[in-house]
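Reminder, nothing fancy here: chain letters follow the sequence lines and each chain counts from 1.
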Amino acid sequence: MKNLEIVRIFRDIAQILQIKGGNVFRIRAYERAAQNIEGLSQDIEDFIKEDRLTEVPGIGKDLSERIKELVGTGKIKMYEDLKKSIPEGLLDLLEIPSVGPRTAKLLYEKLKIKNIPGLEKAIKKNKLRGIFGIKEKTIENMLKGIELVKRGRERMTLAQAIQVGEEFLSALNKFPEVKRIAVAGSLRRQKETVRDIDILVVSDEPKKIMAEFSGLKAVKEVLAEGETKASIRTRDDVQVDCRVVEQRSFGAALLYFTGSKNFNIKLRQAAIRKGLKLNEYGIFRKGKFIAGRTEEEMFKVLGMPYVEPELREDNGEIELAQESKLPELIEPKDIKGDLHTHSKWSDGGNTIEEMARAAGDLGYSYIAITDHSRSLRIARGLTTADLRKKKNEIDKINKKLKGFRLLYGTEAEIDSGGRLDYKDGVLKEFDIVIAAIHSGFKQPKEQLTRRMVKACTNKYVHIIAHPTGRLWGVREAYDIDLDAVLEAAKETNTHLEINAFTQRLDLNDLNCRRAKEKGVKLALGTDAHAAEQLSAMKLGVSVARRGWLGKEDVLNTLPLEELLKEIKK
DNA sequence: GCCGTTTTCGGCCCGACTGTTTTCAGTCG
């Protein structure tokens, strides 16, 4: 899959052109193309094969030639030439907050600064003084920015972002001037990682809110504070932006502040075509306010149904909305049970009964206890003797429980040859079998793919757990041919998992969409190793929603009897 | 460099805040 390589190159090109001072629309064209390719659920090489590259929005004659050149020769000449035209390392300067293309260009032209260490040295030697347009404050901001880059401004996981967002909401909600409050930005779109937190407040006293926001205990540093908008950094180095608007602009501001940026641009273009102006204060016709209180009324004026925040990525949803063909997304309440959990029998922290009660409290009607299998010793995988005892325990608890069912399950190891580590006679006893890879991630792509495909063909395997192995902050997805696995899954009625564990979210949103397009049904599981982790299901639902999935695309929206029928091979 | 129920040429989203400015460019989202 060359998609991400092209994305990176196009973004690089855009940045180099910015520094060199190219046509801003040409620059934007590269950025837009990169964004659109990033959002593709299909391999770009498929588009080439079918000669329909220019069907990808933002890709015309020139860019399609560049893409073909890269896929064909491994290089893009124009990009190689551009790279040579500026020093390596200059692009790093753009990573520094407060340093944009113009400043980078200035620093290079006046002082021959080529990279971040060079800038640091120049600042320490007082060389920046006297450069036109740079004074003490600017230098100070650059130094702060450099520090931040050094510490690595990583993105948070969605789970962390949700927590930070909630803390700020509840802290701000205590102020009487706050009439209404909401999170926006990529957190509201439920992206799997989030850079900064956006908070929207309705109030008649914006100045007061600004002071209160900047004065919160969690605030380490105020980055900017104006009349209606302020940015701070928390003690944990998270940037939080707060914006205050009046009541009638709440919907407009929420829409604007939620993004994504490209989604907003497209909506504004749609507004222009209708002779309207759309900004964060509302929709205006000849300067007269006609909508803005709620997002719903704004979409209505723009002639389309409400677009769920999770869809707002400019990945085709606006076009579908205009034809009223948006998918109806799955919701948390549709989930009837959790299909991937662990108990004390292997490496979980709670007993089976405790897990069952916690699941019941969440309103579920079933839960699968899928402890690790024999060969995963490190997680105390169960021997066949253990399994008999575990089965007895489950049967006993099931007799006690009314309107709820424990499913006897396992998360079985797929070995390096694609076989499972329990014999068929053992496997067939389970109500549900999840198969997973926990070793040999670094095998060649072909072998990894073969293992997964073979696991799908096993007639006792119902679900493939965390199919790409991505573990946030630990390792990248392993190198598999996901399309081949999807094909195999489709053919054998095997389900792929959306693992909702905070650091996994695997399959991710784009791959979910790919699975749906291929006709593969997904199974949501939290991989909970303790009762309180069952609540991570909401993250999995978010991934599913971002992957355009409806209730009908997810296995465990089914009542128990239908679920058991559905998974039969 | 892309794109077209106004257009195949001439447009291309819109505004807040900062730091440096006597009116605005740069950065950010």
Side-chain angles (χ1 to χ4, degrees), chain A residues 10 13-15 17-19 21-36 53-67 78 93-107 131-142 144-145 184-189 194-200 206 210 214 222-232 239-245 249 252-253 255-284 302-303 314 318 322:
Chain A
F10 280 8
I13 291 176
Q15 290 198 316
L17 289 174
Q18 273 190 63
I19 290 179
N23 174 336
V24 287
F25 298 108
R26 185 177 175 221
I27 292 165
R28 198 179 296 165
Y30 277 96
E31 281 169 351
R32 234 165 58 78
Q35 175 92 18
N36 287 331
L53 258 183
T54 52
E55 283 176 25
V56 179
I59 298 195
K61 195 165 151 284
D62 280 41
L63 293 189
S64 71
E65 286 309 314
R66 304 241 190 278
I67 292 169
M78 170 258 197
L93 288 182
L94 302 182
E95 298 294 312
I96 303 170
S98 82
V99 177
R102 304 309 293 252
T103 313
K105 189 180 182 192
L106 185 73
L107 292 171
I131 303 276
F132 183 77
I134 295 183
K135 287 227 158 63
E136 216 34 59
K137 192 79 189 180
T138 308
I139 297 174
E140 198 183 302
N141 283 341
M142 282 184 189
K144 275 186 197 164
S186 54
L187 172 54
R188 180 156 180 253
R189 301 200 312 279
V194 172
R195 172 111 82 195
D196 39 52
I197 310 288
D198 300 304
I199 293 174
L200 179 64
M210 291 293 92
S214 303
V222 178
L223 302 171
E225 185 181 326
E227 307 255 312
T228 62
K229 185 182 160 189
S231 293
I232 60 94
Q239 185 175 328
V240 184
D241 300 337
C242 179
R243 179 84 183 256
V244 183
V245 295
S249 293
L255 188 62
Y256 154 74
F257 226 17
T258 297
S260 66
K261 193 175 162 179
N262 285 347
F263 178 85
N264 285 344
I265 290 173
K266 231 180 216 171
L267 274 195
R268 287 172 181 194
Q269 286 167 342
I272 290 169
R273 276 199 298 277
K274 287 185 178 293
L276 305 169
K277 183 165 99 160
L278 168 58
N279 60 24
E280 62 258 53
Y281 301 108
I283 298 179
F284 300 84
L302 294 173
D314 188 21
I318 293 180
Q322 283 165 334

Starting at [atom1] of [X] and ending at [atom2] of [N], how long is that distance when rounded to a whole Å?
| X | N | atom1 | atom2 | answer |
| --- | --- | --- | --- | --- |
| A/R195 | B/dT27 | CZ | C1' | 14 Å |
| A/Q35 | B/dC2 | CD | P | 17 Å |
| A/R189 | B/dG29 | CZ | P | 13 Å |
| A/D241 | B/dG15 | CG | P | 19 Å |
| A/I27 | B/dC28 | CD1 | P | 15 Å |
| A/M142 | B/dC28 | CE | P | 11 Å |
| A/L223 | B/dA16 | CG | P | 19 Å |
| A/R243 | B/dC28 | CZ | C1' | 12 Å |

Hey, are the side chains of [X] and [Y] touching, using non-hydrogen atoms and a 4.5 Å cut-off?
| X | Y | answer |
| --- | --- | --- |
| A/T138 | A/S98 | no |
| A/I13 | A/M78 | yes |
| A/M142 | A/V99 | yes |

[atom1] atoms of [N] and [M], separation to the nearest Å:
| N | M | atom1 | value |
| --- | --- | --- | --- |
| B/dT20 | B/dT27 | C1' | 13 Å |
| B/dG10 | B/dA16 | C1' | 29 Å |
| B/dT21 | B/dG26 | P | 13 Å |
| B/dC12 | B/dT18 | C1' | 27 Å |
| B/dG29 | B/dC13 | C1' | 12 Å |
| B/dC28 | B/dT23 | P | 25 Å |
| B/dG15 | B/dT22 | P | 25 Å |

Base, sugar-phosphate or nothing for A/T228? Non-hydrogen atoms, less than 4.0 Å. sugar-phosphate
Heavy-atom pair with the smallest gap, counting every atom of [X] and [Y]:
| X | Y | value |
| --- | --- | --- |
| A/A104 | A/I19 | CB-CD1, 4.3 Å |
| A/M210 | A/G226 | CG-O, 3.4 Å |
| A/L63 | A/A33 | CD1-CB, 3.5 Å |

Identify each donor-acceptor pair in which a side-chain atom of residues 271-281 of chain A lies under 3.5 Å from a protein atom, sequence neighbours left out, and give them as a table.
| unit_1 | atom_1 | unit_2 | atom_2 | d |
| --- | --- | --- | --- | --- |
| A/N279 | OD1 | A/Y281 | N | 2.8 |
| A/N279 | OD1 | A/G282 | N | 3.2 |
| A/E280 | OE2 | A/R243 | NH1 | 3.3 |
| A/E280 | OE2 | A/R243 | NH2 | 3.0 |
| A/Y281 | OH | A/R243 | NH2 | 3.2 |

Backbone N/O of A/L255 and side chain of A/T258: donor-acceptor pair under 3.5 Å: no
Checking the side chain of A/D198 only, and the main-chain atoms of A/A184 only, is there a donor and an acceptor separated by less than 3.5 Å? no
Contacts of A/D198 and A/R26 projected onto DNA chain B by closest heavy atom; the upstream (5') one is A/R26
Assert: residue with more 5' nearest nucleotide on DNA chain B, out of A/K277 and A/R32, is A/R32
Between B/dC14, B/dT18, B/dG1, spot the one nearest the side chain of A/R66, thanks. B/dG1
Candidate nucleotides B/dA16, B/dG29, B/dT18, ranked by approach to the side chain of A/Q239 - the nearest: B/dG29
Is a donor-acceptor contact shorter than 3.5 angstrom present between the side chain of A/Y256 and the base of B/dG29? yes
Does A/D314 form a side chain to side chain contact (heavy atoms under 4.5 Å, CB included) with A/Q35? I'd like the steps, not just the answer. CA-CA 9 Å; A/D314 188 21; A/Q35 175 92 18; over 6 Å; no
Near A/E227 CD, under 6.0 Å, is it more than 12 heavy atoms from other residues, nucleotides or ligands? no
List, with names and distances, any nitrogen or oxygen atoms from the protein found under 3.5 Å away from nitrogen or oxygen atoms belonging to nucleotides 19-26 of chain B.
| unit_1 | atom_1 | unit_2 | atom_2 | d |
| --- | --- | --- | --- | --- |
| B/dG19 | OP1 | A/N141 | ND2 | 3.4 |
| B/dG19 | O3' | A/T138 | OG1 | 3.1 |
| B/dT20 | OP1 | A/K135 | N | 2.9 |
| B/dT20 | OP1 | A/K135 | O | 3.4 |
| B/dT20 | OP1 | A/T138 | OG1 | 2.6 |
| B/dT21 | OP1 | A/K135 | NZ | 2.8 |
| B/dT21 | OP2 | A/K135 | NZ | 3.1 |

Under 3.5 Å, which protein N or O atoms sit close to an N or O of nucleotides 10-13 of chain B? Give each pair with its distance.
| unit_1 | atom_1 | unit_2 | atom_2 | d |
| --- | --- | --- | --- | --- |
| B/dC13 | OP1 | A/R28 | NH1 | 2.4 |
| B/dC13 | OP2 | A/Q269 | NE2 | 3.1 |
| B/dC13 | O2 | A/R268 | NH1 | 2.5 |

Using both distances under 3.5 Å as the test, list the Watson-Crick or G-U wobble partner of B/dT8, or none. none
